[in-house]
**Q** 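Below is a structure I'd like to ask you about.
Letters A, B, ... are given to chains in the order of the sequence lines, protein chains preceding strands, and every chain is numbered from 1.
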2 protein chains.
Amino acid sequence: MMNKNLTQRQQEVFDFIQQYIEVNGYPPTLAEISEKLSIQPNAARTHLLLMQRKNVLRYVPNISRGIELLKQKRHGIPIYGTAPAGHPFLSQENVVENFEVRNYISASTDVFGVYVRGDSMKDAMLVSEDLVFVDPKKTPRNGEIVVALVEGEPTIKRYYKEANAIVLKPENKKYQPIIIQKSDDGFRILGVVIGVIRSLDKKKIDTLVEEHKAYGKASVN
Amino acid sequence: MMNKNLTQRQQEVFDFIQQYIEVNGYPPTLAEISEKLSIQPNAARTHLLLMQRKNVLRYVPNISRGIELLKQKRHGIPIYGTAPAGHPFLSQENVVENFEVRNYISASTDVFGVYVRGDSMKDAMLVSEDLVFVDPKKTPRNGEIVVALVEGEPTIKRYYKEANAIVLKPENKKYQPIIIQKSDDGFRILGVVIGVIRSLDKKKIDTLVEEHKAYGKASVN
DNA sequence: ATACATACTGTAAAAATATACATCATTGAT
DNA sequence: ATCAATGATGTATATTTTTACAGTATGTAT
C-alpha cells in the first residue's frame, strides 16, 4: 500500500508502524521507531508531524504511542436501504448498516470459503468462480448444500441422508448422484454452504444469462 | 460480544478498551481505564492481569498502553484452494487468501450495497434479499446491470444506451423495459453492479431451485 | 543565491505511565 | 470456618516516553 505523497523515509516509518501494530496490537513509541530506523526519537517525531499534515496518520502530542494510522480504515461497505422518494438516496442517513461478511452470513466463527469449480451445481445457481461460504460446525439437513471430501477431493453437492447411505446429488442432469456407503472411508462432510458471493463483470453476466436460458430448452428434451 | 468467562466488571473494562481503541486508534492507559470506571489505576491493572489469564487480551507490563485485545481478530474469512488429494484439506497451508469483500470485488473505495427487492431481475439470477455491491464510479457499458434512480425510486436493471434514450431492461418477461428520454429529470445512474452476495438457508435454496425450474416451463409457453 | 522542506544529531528536562507495597471488603467453594 | 479469587484504596517511587532547544546538512524550486 504505497502512499504516493510520502517521501521514501516517511514511507519507511509508516511501514514500520503498520507492521509494529500488526505484531503488537498497539502503536510503537518514538524511541522504538527511531531505534528501528537508526535515528533519534526527535527525528521520528518530525516524521510523524509531517505525515500527519499529509493525512496518513494522526499523531497526538503528549500521549505515549499516540499514533493512529488513517486511510486503511476501509472496514465494511455501507448498505443503503430503499430510500423514501424525495430523499437524496446516497446520503449517510440512508445507511442501514455496514457490511461485514461475518454478520451477513451469521455463522460460527470458523466459517471458511471455497471457490466453486465446474458446473455440477449450476441449477442451484452456483457456477464456476463463485465463492461459497461454508460453516463446518453446522450439521447438514436433507436438501442442504454441503462441501464434502470424497476420496480426498472436495466437492459441492446437495445432501440427502437415507437408510443405509448418504446421497450427494449434483444439480445438473449431466451428472450422476454420488452414493456413499456407511462404511466408506475417505468421506467427510466439511460443512454446510451458507452463502455465496459472486463478482460480476459484463462477461460473467452474459454467461450466466446464457446458461440460465439454455436450461429452459434443455429441460424439454 | 459478551465473553462468557469474564466477570461483569471485567467485561466493563474490556468494553471500554474496545471502544477506546475504536475511537482513538491506540489502547488506553491504566489511568484512563481507572478514571472511566471510577477506580484506582492499580485496580484497573489487576483487571488486566486477570483478563490476560483468561486469554481475552494481552497485557505487557512496563509498556505504556501495552494492551492488545485478542479474540476478535476475526478479520476476513480463510479461503481454501482446491487441495491436492492426500493433504488434509482444512489445514492452514491450504489457505489461499483471506476474504475481504473489498479485495474480492475490487472496486473503487466508495462501493456500497443495496438489497434487491422484487423479481424483475430474476433471470439474471438476482432475487429478493440478495445484496448487490454497486460501484458508483464506474460508467456503465451496454448490457451491464446498474442501479438507477427513476423518479426518486431506486431500481436495478440492465443498461442499454440508444440513439436518443436510455433503456433499462428488466430480466423477467413479466416486466416492461423502462425508456428514459434524454430530457428526463429525476433520472440518475447510481452505479454499476459489480457483485452479489446471498445468504443461503434451506428455505432459500428450495425457493431458488423452484423458481429456476419454473423458468424452463414458462419459456416453452 | 536564497528560501524552504526534509532529514537528521544530541542533551536535558518535563510529563505521562506503570508499579510496588500495604491494606481491606466480599463472595463462593471446601 | 477458612481459603482463594475478585475488586478495590492510597501513596510514593520508578520507569517510560515525549518534548524543547540548539544546531547541521542536503536537495530543489524560485
**Q** Just the rounded figure in Å: distance from C1' of C/dT27 to CD of B/Q8.
**A** 14 Å
**Q** Are B/Y20 and B/E32 linked by a side-chain donor-acceptor pair shorter than 3.5 Å?
**A**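 The criterion, which ignores hydrogens and geometry beyond distance, is satisfied for B/E32 and B/Y20.
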**Q** Any salt bridge linking B/K138 with B/E144? Criterion: basic side-chain nitrogen under 4.0 Å from a carboxylate oxygen.
**A**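 Salt bridge: yes.
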**Q** Counting heavy atoms from C-beta on, name the nucleotide in D/dT17, D/dG7, C/dT6 closest to the side chain of B/I63.
**A** D/dT17
**Q** Which whole-number value in Å describes the distance from B/I33 CD1 to D/dA8 P?
**A**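 Interatomic distance, CD1 of B/I33 to P of D/dA8: 13 Å.
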**Q** With a 4.0 Å cutoff (strictly under), does any side-chain N or O of A/R9 reach OP1 or OP2 of C/dT6?
**A** no
**Q** Taking only side-chain N and O atoms of A/Q10, does any of them lie within less than 4.0 angstrom of OP1 or OP2 on C/dA7?
**A**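 For A/Q10, the contact criterion (side-chain N or O under 4.0 Å from OP1 or OP2 of C/dA7) is met.
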**Q** Please state whether the phosphate of D/dT19, meaning OP1 or OP2, lies under 4.0 angstrom from any side-chain nitrogen or oxygen of A/Y59.
**A** yes
**Q** Between C/dA7, C/dT9, C/dA15, which one does the side chain of A/Q40 approach most closely?
**A**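 Closest nucleotide among those given: C/dT9.
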**Q** I want to check something: taking the side chain as every heavy atom from C-beta on, are A/T7 and A/K54 in contact at a cut-off of under 4.5 Å?
**A**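 The answer is yes; the side chains approach within 4.5 Å.
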**Q** Taking atom P of D/dT18 as reference, at what distance in whole Å does atom CD of A/E35 sit?
**A** 13 Å
**Q** Under 4.0 Å from OP1 or OP2 of D/dT19: is there any side-chain N or O of A/R45 that close?
**A** yes
**Q** If you check every side-chain atom of B/I39, which of C/dT6, D/dT9, D/dT6 has the closest atom?
**A** D/dT9
**Q** Counting just side-chain N and O atoms, does A/R53 come under 4.0 Å of either OP1 or OP2 of C/dT6?
**A**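 Checking C/dT6 against A/R53, a side-chain N or O does come within under 4.0 Å of OP1 or OP2.
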**Q** Let me know the distance between CG of B/L48 and C1' of D/dG7, rounded to the nearest Å.
**A** 13 Å
**Q** Check this one for me: any side-chain N or O of A/T46 less than 4.0 Å away from OP1 or OP2 of C/dC8?
**A** no
**Q** Any idea which heavy atoms bring A/I166 and A/Y159 closest together, and the distance?
**A**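 Minimum heavy-atom contact is CG2-CE1, 3.8 Å.
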**Q** Between C/dA7 atom C1' and A/L50 atom CG, what is the distance in whole Å?
**A**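 The distance from CG of A/L50 to C1' of C/dA7 comes to 9 Å, rounded to the nearest Å.
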**Q** Looking only at side-chain N and O atoms, does B/D15 offer a donor or acceptor that is under 3.5 Å from a partner on B/Q11?
**A**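 Per modelled atom types, B/Q11 and B/D15 side chains form a pair under 3.5 Å.
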**Q** B/N42 side chain: which of D/dT6, C/dT6, D/dT11 is closest?
**A** D/dT11
**Q** Classify the nucleic acid contact of B/S38 as base, sugar-phosphate or nothing, counting any heavy atom under 4.0 Å across all strands shown.
**A**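 It contacts sugar-phosphate atoms only.
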**Q** Are B/S64 and D/dT17 close enough that a side-chain N or O sits under 4.0 Å from OP1 or OP2?
**A**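 Answer yes for this pair, as a side-chain N or O of B/S64 is under 4.0 Å from OP1 or OP2.
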**Q** Taking only side-chain nitrogens and oxygens of A/H47, does any of them come within less than 4.0 Å of OP1 or OP2 of C/dT6?
**A**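 No, outside the criterion.
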**Q** In Å and rounded to the nearest 0.5 Å, what is the CD to CG distance from B/E68 to A/N24?
**A** 7.0 Å
**Q** Between atom CG in A/L49 and atom P in C/dA7, what is the gap in whole Å?
**A** 13 Å
**Q** Choose from D/dT17, D/dG10, C/dA15 the nucleotide whose nearest atom is closest to any side-chain atom of A/T29.
**A** D/dT17
**Q** Using atom CD of A/Q11 as one end and atom P of C/dT6 as the other, report the distance to the nearest whole Å.
**A** 15 Å
**Q** Considering only D/dA20, C/dT6, C/dC8, which nucleotide approaches the side chain of A/A43 most closely?
**A** C/dC8
**Q** Can you tell me the distance, in whole Å, between the OH atom of B/Y26 and the C1' atom of C/dT17?
**A** 14 Å
